[in-house]
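Each remark here refers to the structure printed beneath this line.
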Amino acid sequence: MLRTHTCGELTISDLGQTVTLCGWVQKSRDLGGMTFIDVRDRYGLTQLVLNTDTDATLRETARSLGREFVIKATGQVQERTSKNLKIPTGEIEIVATDIEILNAAKIPPFLIEDETDGGEELRAKFRYLDLRRNPIRNNLMLRHKMAQEVRKYLDGLNFIEVETPVLIKSTPEGARDFVVPSRMNPGEFYALPQSPQTFKQLLMVSGFDRYFQIVKCFRDEDLRADRQPEFTQIDCEMAFITQEDILHIFEGLTRHLFKTVKGIHLDKFPRMDYADAMRLYGSDKPDIRLGMEFVELNDLTKGKNFGIFDNAELVVGINVKGCAEYTRKQIDELTEWLKRPQIGATGMIYCRYGSDGTLKSSVDKFYGEDDLTNWAAAFNAEPGDLMLILAGKTDKVRKQLGELRLEMGARLSLRDKNTFAPLWVIDFPLLEWDEETGRYHAMHHPFTSPKPEDIALLDTAPGEVRANAYDMVINGVEIGGGSIRIHDRALQSLMFKHLGFTQQEAQKQFGFLMDAFEYGAPPHGGIAFGFDRLCSIFAGLDSIRDVIAFPKNNSGRDLMIDTPSTIAKSQMNELKIRTTV
RNA sequence: GGAAUGGUAGUUCAAUGGUAGAAUGCGUGCUUGUCGGGCAUGUGGUUGCGGGUUCGAGUCCCGUCCAUUCCGCCA
């Protein structure tokens, strides 16, 4: 070892020891006769002090040091005369008698400090420098701790970690596949897994009973702050269980993580039907920290000759606490925000409940004081509140109001990073109508079992069939989701039929799974957590990029290694592929 | 595929259509208790790229590229 200690461990109890430290020069402060040098490593920061009056060689070395030089320093631990109580090593310093430069460094393009001056693009390009910064390193250490606790918890419950292949088969359902050409099988391709879904079900058929894996998944879709082309799932599956068992065990996992990693105790997670989530929050992943449940006003608004409400399928609003003083300008601004193409609302009606008890709306021409009093009662509003109302087609207006609710929550600072509000959303629909293709798609995936009592609806009202499917949501973020699977060949065939597959197509794509179901498949189900998102929630971040060591940007590029990139002609020839760009 | 915002010194940003600046970094000198060191001084620019309007463009217009966020998309 080149060092005797790390830069984070020496304290007042080590006085007098002769030590050798290795690390990076964080900062050097030359005061003339003496020089202070902060040396940093993964564990912390220790100050070296040099008497540069008495030692000419040491002075020359000290003066040649630049930021991020890698050095080895030897000296004695002494108590500081003026202490820095902001850092754990701040009571001591090393009186350096020898400094060796292990490697010089170019001046980094941005400051390697907690509050860096570097922009995102630059930090991405020099990711290895960004990773030296405390906040990013702490995120990765948090992630490590969480992964260890996941393994500890699941291992304790007899789960077995099994690796599944990364070169698999492309399937038409779901996201776009990343595809890998096969040199040995010209003209044929592997696909990277969107998830290990079918493999974990086959492991259940194999009798593994309780499986998990912390595993990379790949989806070739457009990216967001919380979506990377390759991301990590905590993927789990169990046999001989009910939905209740899954919810119980994985609520337990989540509580275990909060307890051991953040020291936070969470109460039992509330549960909500998908239908209620949509009706009360306009979202299948409601942020229940915000309050502001939707209030439907059809009965109180129709038949007063106000065309917008009369012609609307749904009139629905939220009550925003304490915002009655919003100015006309602020309300207009909100209305404009709602009209942006991303939201697409046509307008907004408001009703102020003044602190003096008066009610004032933007539709006073059509609604008298009695009407507004009834509205306020429906909203459970108090003086000082502001009621915001939208009208239109049910699905659209709920979605728009859901966005408005989140925006108001943000404006009122209700989206606090240190408050955690988990819940289960259950009873998702089995199928979802797809306008583009003009047919039903599996909302979760094609292996999800319908609720037995709803199977009869498959032929008459496919959109109303509910699934044994569930999501875990924390603070408005979808953290995980799963379902009880189909384990019966006939029912699986029926599902494929309803999803528009011919029997031949189903056999070609998923024959291996349906064949397996004929050899004794146990009832089974599972769940997968988005590990990156879970880490970002724990770290208090909106983006998952900084819980990933080497993330890609929103064009799917890695700016550090500069990829994707072209490949040599010879490689293309060998793979028997040609591009058309 | 679409929308919004941005691109100016190494970096982060400013700059009525009229001489491109600040902070920080970096260099040099001085400074014995700093820890956001202090003082002095210096260095630093193809204003993303290509067109156009104008006497004159960082600024206005068109196109393009890049970045960030969002919509669509993500079983």
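These values consider heavy atoms only, across backbone and side chains, with no hydrogens, waters or symmetry-generated copies.
Of the side-chain N and O atoms in A:Lys86, none sit less than 4.0 angstrom from OP1 or OP2 of B:U34. In this structure, A:Ser555 reaches the B:A67 phosphate: one of its side-chain N or O atoms is under 4.0 Å from OP1 or OP2. Distances shown here put a side-chain N or O of A:Arg67 below 4.0 Å from the OP1 or OP2 atom of B:C26. Between A:Arg533 and B:C74, a side-chain N or O to OP1/OP2 separation shorter than 4.0 Å is absent.
Other residues, nucleotides and ligands place more than 12 heavy atoms under 6.0 Å from the NZ atom of A:Lys451. Atom CZ of A:Arg80 has more than 12 neighbouring heavy atoms from other residues, nucleotides or ligands inside a 6.0 Å radius.
For the C1' atom pair drawn from B:G72 and B:U12, the interatomic distance equals 34 Å after rounding to whole Å. Taking atom P on both B:U46 and B:C30, the two are 33 Å apart, rounded to the nearest angstrom. Comparing the C1' positions of B:U8 and B:C13 gives a spacing of 9 Å, expressed to the nearest Å. The same atom, C1', is picked in B:G6 and in B:C49; the two are 16 Å apart, to the nearest Å. Comparing the same atom, P, in B:A14 and in B:G7 gives a spacing of 7 Å after rounding to whole Å. Here the separation of B:A9 from B:U47, taken at their P atoms, is 9 Å to the nearest Å. Rounded to whole Å, the separation between the C1' atoms of B:A23 and B:C65 comes to 30 Å. A gap of 33 Å separates the P atoms of B:C73 and B:C61, to the nearest Å.
A:Pro446 comes within 4.0 angstrom of a nucleotide base, judged by non-hydrogen atoms across all strands. Using a 4.0 Å heavy-atom criterion, one finds that A:Ile87 contacts no nucleic acid atom at all. No engagement by A:Gly66 is indicated, since no non-hydrogen atom pair under 4.0 Å with the nucleic acid exists. Nucleic acid contact for A:Ile107: sugar-phosphate only, since backbone atoms but no base atoms lie under 4.0 Å from a heavy atom of the residue. Within the nucleic acid shown, A:Asp220 has no heavy atom closer than 4.0 Å to any nucleic acid atom. Residue A:Arg123 is classed as having no contact, given no heavy-atom separation below 4.0 Å to the nucleic acid. Among the atoms of the strands shown, base atoms are found under 4.0 Å from some heavy atom of A:Phe36.
At a cut-off of 3.5 angstrom, the base of B:C66 holds no donor-acceptor pair with the side chain of A:Arg557. Under 3.5 Å, the side chain of A:Arg219 and the base of B:C73 form no donor-acceptor pair of N or O atoms. Judged by atom type and distance alone, A:Arg29 does not reach the base of B:G38 through any side-chain donor-acceptor pair under 3.5 Å. No donor-acceptor contact under 3.5 Å links the side chain of A:Asp30 to the base of B:G37. Taking only distance into account, the side chain of A:Glu120 never meets the base of B:G6 through a donor-acceptor pair shorter than 3.5 Å.
For residues 336-348 of chain A, proximity to RNA chain B is found at A:Pro341, A:Gln342, defined as any non-hydrogen atom under 4.0 angstrom from a strand atom.
For the 3.5 Å distance criterion, the side chains of A:Gln194 and A:Asp177 qualify, holding a donor opposite an acceptor. Side chains of A:Asp471 and A:Tyr274: no donor on one and acceptor on the other come within 3.5 Å.
In this structure, A:Ile37 atom CD1 and B:G37 atom C1' are separated by 14 Å, rounded to whole Å. The CD atom of A:Glu436 sits 12 Å away from the P atom of B:G72 (whole-angstrom rounding). Computed from coordinates, the A:Asn84 CG to B:G37 C1' distance equals 12 Å when rounded to whole Å. Between the CD atom of A:Glu173 and the P atom of B:C73 there is a distance of 15 Å, given to the nearest Å. In this structure, NZ of A:Lys27 is placed 4 Å from P of B:G37, rounded to the nearest angstrom. In this structure, A:Lys106 atom NZ and B:G27 atom C1' are separated by 17 Å, rounded to whole Å. Atom-to-atom, CD of A:Gln47 to P of B:G36 comes out at 11 Å; the value is rounded to the nearest Å. The CG-P distance, from A:Asn554 to B:U69, rounds to 5 Å in whole Å.
Aromatic ring centres of A:Phe428 and A:Tyr470: separated by at least 6.0 Å. Ring to ring, A:Tyr128 and A:Phe550 are not that close: their centroids are 6.0 angstrom or more apart.
Using a 4.5 Å cut-off on side-chain heavy atoms (C-beta onward), A:Leu406 and A:Asp287 make contact.
How far CE of A:Met443 is from NE2 of A:His445: 13.5 Å, rounded to the nearest 0.5 Å.
Residues satisfying the ring-ring contact (aromatic ring centres under 6.0 Å, His included) criterion with A:Trp433, sequence neighbours excluded, are A:Tyr440.
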